[in-house]
Every structure is written in C-alpha cells, then in structure tokens.
Amino acid sequence: MVQIRLTNTRTRKKEDFIPLDASNVRLYLCGPTVYDRAHLGNARPVLVFDVLVRLLHHIHGADAVTYVRNFTDVDDKINAEAQRRKAAGAPGTLEDLIAERTQETIAWYHADMDALGALRPDHEPRATAYIAQMIAMIDNLIARGNAYAADGHVLFDVRSYPDYGQLSGRSVDDMIAGARVEVAPFKRDPMDFVLWKPSTDDLPGWDSPWGRGRPGWHIECSAMSAALLGPSFDIHGGGIDLQFPHHENEVAQSCCAHPDGQFANVWLHNEMLQVEGKKMSKSLGNFFTVRDLLDHRIAGEVIRYVLLSTHYRKPMDWTQAKADEARDIIWQWRLLTKGVEPGQPHPDVVDAIANDLNTPGAIAVLHRLKDDPATLLASARFIGLLQAGDDGWMQADYQALDNQADQPDFDQILAGLQEKLADIRTQAMASKDFSELDRVKAALTDAGLEVRMSKAGVELVMRPTTIQKQVVQIAQGLTS
Ligand SMILES: [Zn+2]
C-alpha cells in the first residue's frame, strides 16, 4: 500500500501518516465566512484538501473518509452587510436579511468550488446550527477553570493552558511583546481571547448563561469538529494565516475541554497566494474572486492547474502568463484524450501526491504521458483535472472561434493589421525607436492575438481567447 507522508506543522516534521482509525479517516478544513464571493486565495486550501481527500479515497475508499468543512455564518461582516441592506430599504427583519445573505453566499461558494472540480465535503456544518454545542463547550471550559465570564463576555484564560503557543511556536510572553493586542479592561491577560460576547438588540444573538450574545469565531471550529469528528481526529488544515491565533486557540479550547482527546493529530497549512508577485489587495487593484476569473473565460480546471502547479507549502504566485500556458496545456491534453477510456493513474503520480501532496511533481509526470492517453487521463483525473463534463469551456471557445470566422471582414482586418504591423516594424528598425511597435504589439497581445515576429516577417495568430472586437478597434485606431 502507498505510504502517505505529510509535513505536520504541529511537530514541524515530514512524517508517515498513520490514521487513528483506517476505517474512518477524519479531516477538518476551516471553511469560508459567508459574506462575499470567495477570492482566489480562498480556493487554495480547498484544492490542497481536495487532492488529499482524493488520495485518501484512492487508498482507503471513499466510505472510509469523513471530510468536514464549516461555514462561518456568524460574523460582524455578515451583520454589517445585512444592516447596510436594511438601511437601503430592503424588506424583512435583520435576521431575514442575514439568512438571505448567507444562503446566497453559500450557493455562490458551492458553484465556484464545483467549477474548480473540488469534491463537496461529507459535512458542511453552519456555525448557527451548533450554538448549543458551543455554549456547552464554553460552560465546560469555565467549570474546568480554563475560562471566565466578565462583563457579559466569556474569555479563555491562556495562562491556564501551559501548551498555549506550541502550534505556532511562540510563548505567551513573546506574543504579548510582539503583538498589538486589544487590551480590554475585563481581560485577565492581554492574550485571553473571546469565547462569547454580548449582542446588542440590533444584532443576532442567542440566550446563554452569560446573557444574550454570540460566539467568538474560534470556538465554532472546536465545537463543530468535536460534534462531527470526535475529540481526536486525523488532519486539520487551513491557510498559514490561520495558524495564529485561530488554530492556536482551537487547540487550546479543544484540548482543555476534552483532556482525553488530542484534537488534530496532523496540522496541514498552506502558504499564501500572491498575484503577479504582489500581495492581493483591493487597493492595488489586483484583487479578484474565483468568479471574476470564470467570468473572464478562464476555465475552472485551468485555475486548478495553475494553483496545483506550486507546492502547497510554497507561496503561490498567480500570473496571467501561467493561466495562458495552463489553458494551452489543458486544451492539448483534452484533445489527446478525447474519446479515450481512462486507464489507471500512473504510480509515479500517486507516489508524488502521497509524498506530501507534491502536485508540481505529479504535473511533471503528466507531461511525460502524452503517448499514453489512457494513463494520462486517469492520472490527470487523480488530481481532479480533465474530469468528464468539465470541457464546456472548450465548446464555448470553439463557438467563439466559429462566430469570428463567420464574419467575412475579420480575416481581411487581420491581414491588414499584419501588413500595418510589418510597416511599423520596418520604421522602428530604421529609426531605432521601438515605442510605437511595442505599444501596438502589447495592445494586440492584450486582445488575445499571438504576435510572431521573425526575419521572415510578422504573423498574427488567432487564439481561442482572441477578442475580436478589441482587434477591430486596434485596426481602426491604426488606419484613422
Ligand atoms: Zn477554523
């Protein structure tokens, strides 16, 4: 049997993965806060876990794996969006508007992750359905002396748990020294974190022994994982940005509430995603959602390929160049495997994934399988690529090409452009001023044309992504 090895953040070692119970391998992934569309960075842990789950299915059988990913539907951002809608005159109570917002966001999330070929988890608990379990867990933590009520809040007492900081490798004193922590007067220690907080009348709230209020974020994953997977389970994952404080706090709560359990045996953290070498941010204008990419006709399996082409423990850089390259590769693989029955995944692909989810290694093997389409297909499907029914984007692109071909003028326009570009190039070489040539070339590339320049001349090549309208505009700009 294939031996899985995973880098365990808890022990900081790459270890053989031994399930606690091979007949029920249990995983938990921190899911989205459902107030808006998932951005591209949110997709990364989902795809990492999807590859892991597919591997576990392959080795243990799908029935022997339980995969849980939560929906955080209690959150200040959700409340703020609902309040904004109410202020704008939307009908219904605030609770109705919150439910409406979270339901629509969950539907978007499902559609977007489905488009990336991610399998749905076995359980997708919503935090609001587990408030009673959270209250019981908080109660238990108070009874055990790990939490205290103060000023309508309940706080976890970090000094009561000597291992606090072990997952992220920090001591409480270092954290206090290094962090800008909010020091509320009712906290015994600045690092104590909220388990429960009071709700004002205009916010959602639940009755509790500490008054009407709502849970803190961290407690929900502890309560839901315990309810669905038990006090000890195999693998817990999420982005590295969640390691502290979210995961550290989950460990503290869960281990104190269930001293006989060990919570997650293996912690898996993926590195962050950047865009064109920069941190994704709304102010830089390089922030986009999975849906933005899909709407720009970048197919889900193309996005998947790009994300899997970097190992999960390395920072990932999304670039348009990678997306273009991935598109051409997938296109080629789809043509090679058209009408082919899948064989068995290549053992090297399985081995690569078993070796700490080495997805770039697996992709490198796929590139060597072009002469064996049946194995290529099965191996690609092993990591969720080339799945049946996911080739709709190719049909759409063929159609776009056909539509463009139907327009008799377009070939002529293209030929004219090619001539014009050759002239500009001749002038540029004579004057040694290449600025106009560069400008036109960039505009044509941006419109999805491939610009080939050689000694023989200039050639403009249509690609599936060519935007005809834009090309026509460029041609008009050059002749006017
Ligand atoms: Zn979580």
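Just so it is clear, the model here is predicted, and its values are computed rather than measured.
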Salt bridge Asp112-Arg291, side-chain N to carboxylate O under 4.0 Å: yes

Side-chain donor-acceptor contact under 3.5 Å, Asn355 with Lys14: yes

Check against side-chain contact (heavy atoms from CB on, under 4.5 Å), Thr7 and Trp267: CA-CA 8 Å; Thr7 300; Trp267 281 89; over 6 Å; no

Side chain to side chain contact (heavy atoms under 4.5 Å, CB included) partners of Pro315, counting only residues at least two apart: Glu271

Glu276, CD: over 12 other non-hydrogen atoms inside 6.0 angstrom: yes

Pairs meeting criterion salt bridge (Lys or Arg N to Asp or Glu O under 4.0 Å) with involvement of residues 155-172, two or more places apart: Asp157-Arg188, Arg159-Asp173, Arg159-Asp189

Phe193 and His153 aromatic centres sub-6.0 Å: no

His218/His247 aromatic ring centres below 6.0 Å: no

Residues which pass side chain to side chain contact (heavy atoms under 4.5 Å, CB included) with Pro215, listed by chain and number, not counting sequence neighbours: Val74, Ile131, Met134, Trp196, Trp206, Ile219

Considering all heavy atoms, the nearest Thr128-Asp73 contact: OG1-OD2, 2.6 Å

Qualifying side-chain hydrogen bond (donor to acceptor under 3.5 Å, both in side chains) pairs with a residue from residues 373-384, counting only residues at least two apart or across chains: Asp372-Thr375

Modelled atom types, side-chain donor and acceptor of Asn70 and Glu124, under 3.5 Å: no

Where at least one partner belongs to residues 229-243, residue pairs that pass side-chain hydrogen bond (donor to acceptor under 3.5 Å, both in side chains), sequence neighbours excluded: His236-Glu250

Side-chain heavy-atom pair Leu307, Thr359 within 4.5 angstrom cut-off: no

More than 12 heavy atoms of other groups within 6.0 Å of Arg313 CZ: no

Under the side chain to side chain donor-acceptor pair (under 3.5 Å) test, residues paired with His296 that sit two or more places apart: none

Arg304/Glu301 salt bridge by N-O under 4.0 Å criterion: no

Value rounded to 0.5 Å, distance of CZ in Arg214 from CG in Asp76: 5.0 Å

